[in-house]
Amino acid sequence: MSEAVATLDGWYCLHDFRAIDWNAWKSLSAGERARAEDELYGLLRKYQNVENAKQGSTAFFSIVGQKADFVFMHLRETLDELNELETEFNKTMFAGVTVPTYSFVSVVELGGYMAKPGTDPMEDPEILARLKPALPKSKHICFYPMNKKREGSDNWYTLPAEERRNYLRAHGMIGRSYAGKIKQIITGSIGLDDWEWGVTLFADDALQFKKIVHEMRFDEGSARFGEFGDFYVGNLLDESKMAAMLQP
Ligand code: VOV
């Protein structure tokens with residue numbers, strides 16, 4: 001049996017994708033729409049307060065294309081809190097005109113492959129900050145789930161740990177060349193959802209998503225072992241942008 005890597009795990013994560021039922025939204029009266037928006041913006045402010053108190057973080061982005069209209073990416077200490085957030089939103093009037101399209105449950109993860117021997121990573125403030133991060137307010141988001149292949153000789157999980165470490169070192173070198181252009185949050189979902197990881201990228205220039213994913217496809221670790229789900233890409237939302245989007 002190959003040696004399993006010890007992961008470092010941080011905040012739990014829920015990606016909650018919704019579509020807006022535009023006919024239902026337009027059929028509400030002006031008063032009902034105003035109440036629904038007030039309730040939504042009240043929640044956004046509540047999420048911001050949680051982030052200010054460093055008890056979690058929430059990213060709110062529109063989604064381009066037909067897979068969804070917007071996403072909440074929530075990070076919280078416990079799965080219970082994520083459940084409460086979901087239910088709280090579902091009870092709002094605004095949620096009544098949305099349709100859930102996809103969700104992904106995971107936990108912020110750092111692999112132990114690059115761990116420095118003899119040190120306790122949980123004592124390192126830089127690592128703790130990466131496990132419980134404030135989500136970037138970049139202009140764009142890109143999310144996709146992925147697996148590492150388990151087929152015949154291309155089985156990530158039967159590779160010796162040293163070989164996996166070498167692949168990830170090469171992967172990290174490519175990643176580092178995007179410093180300042182892309183921030184990545186890797187969340188682990190083995191045992192939590194239908195894929196093994198969620199990859200969430202943030203950038204001010206959306207073209208950098210295409211560039212990094214393209215470049216990584218040629219890296220042997222991704223070329224041999226990477227399997228990818230649907231891609232979601234979108235733009236940063238706030239109260240005023242959402243209000244403009246919801247203008248009937
Ligand atoms: C934006 C840049 C960027 C950077 C700097 C970066 C660096 C690193 C390092 C150093 C490490 C190893 C962690 C450890 O062990 O300490 C990882 C780990 C990982 N990555 Fe990554 N990654 C990036 C970006 C980045 C992207 C764009 C993708 C998607 C891959 C693609 O083909 O589309 C990805 C995936 C992952 C995954 C799924 C893991 C976990 C693998 C495992 O088996 O555990 N990642 N990643």
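Ligands are counted one by one from 1 in listed order, and the atoms in each one are counted from 1 as well. Since the structure is predicted, the reported quantities are computational estimates derived from the model, not experimental observations.
Of the heavy atoms in K148, only side-chain atoms (C-beta onward) come closer than 4.0 Å to ligand 1.
With D193 contributing its side chain and S189 its backbone, the two residues share no donor-acceptor pair below 3.5 Å. Using a distance-only test at 3.5 Å, with no hydrogens or angles considered, a donor-acceptor pair links the side chain of D204 to the main chain of K139. With hydrogens and angles ignored, the 3.5 Å screen pairs no side-chain donor or acceptor of N147 with any backbone N or O of K149.
Residue F72 forms a ring pair (Phe, Tyr, Trp, His ring centres under 6.0 Å) with just one option from F17, F61, F104, F60, and that option is F60.
For ligand 1, the atoms lying closer than 4.0 Å to a non-hydrogen atom of S222 are 31 (C), 32 (O). Within ligand 1, the atoms closer than 4.0 Å to a non-hydrogen atom of W156 are 43 (O), numbered from 1 in the order shown. Listed by number with element, the atoms of ligand 1 under 4.0 Å from a non-hydrogen atom of I182 are 1 (C). Near R176, the atoms of ligand 1 lying under 4.0 angstrom from a non-hydrogen atom of the residue are 5 (C). Under a 4.0 Å criterion applied to the non-hydrogen atoms of M146, ligand 1 contributes the atoms 29 (C), 30 (C), 38 (C). Heavy-atom proximity to F228, at under 4.0 Å, picks out these atoms of ligand 1: 31 (C), 32 (O), 33 (O). Atoms of ligand 1 found under 4.0 Å from any heavy atom of M114, numbered from 1 in the order shown, are 14 (C), 15 (O), 16 (O).
Scanning all protein heavy atoms for the shortest distance to atom 33 (O) of ligand 1 gives Y144 OH, 2.6 Å. With respect to atom 42 (C) of ligand 1, the closest heavy atom belonging to the protein is W197 CZ2, 3.4 Å. In terms of protein heavy atoms, atom 26 (C) of ligand 1 is closest to M216 SD, 3.6 Å. Protein heavy atom in closest approach to atom 13 (C) of ligand 1: G111 N, 4.0 Å.
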*Decide side chain to side chain contact (heavy atoms under 4.5 Å, CB included) for L131 and L8; before the verdict, give the C-alpha distance in whole Å, the side-chain angles of both, and the deciding distance to 0.1 Å.*
CA-CA 8 Å; L131 291 172; L8 302 174; 4.1 Å; yes
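Classified by interplanar angle (parallel below 30°, tilted 30° to 60°, perpendicular above 60°), the ring pair Y113/W156 is perpendicular. Between Y232 and Y102, the two ring planes are parallel [angle under 30°; tilted spans 30° to 60°].
There is no side-chain donor-acceptor pair under 3.5 Å between R164 and Y157. No side-chain N or O of D219 forms a donor-acceptor pair with one of H171 less than 3.5 Å apart.
Within the 4.0 Å heavy-atom cutoff, I212 counts among the residues contacting ligand 1.
Applying the side chain to side chain donor-acceptor pair (under 3.5 Å) test to every pair with at least one member in residues 64-74, sequence neighbours left out, gives these pairs: T58-H74.
Between K91 and E39, none of the side-chain N atoms (NZ, or NE/NH1/NH2) sits under 4.0 Å from a carboxylate O, so this pair counts as no salt bridge.
Counting heavy atoms from C-beta outward, E196 and P145 have side chains that stay 4.5 Å or more apart.
Excluding waters, the set of protein N/O/S atoms under 2.8 Å from atom 21 (Fe) of ligand 1 reads H171 NE2.
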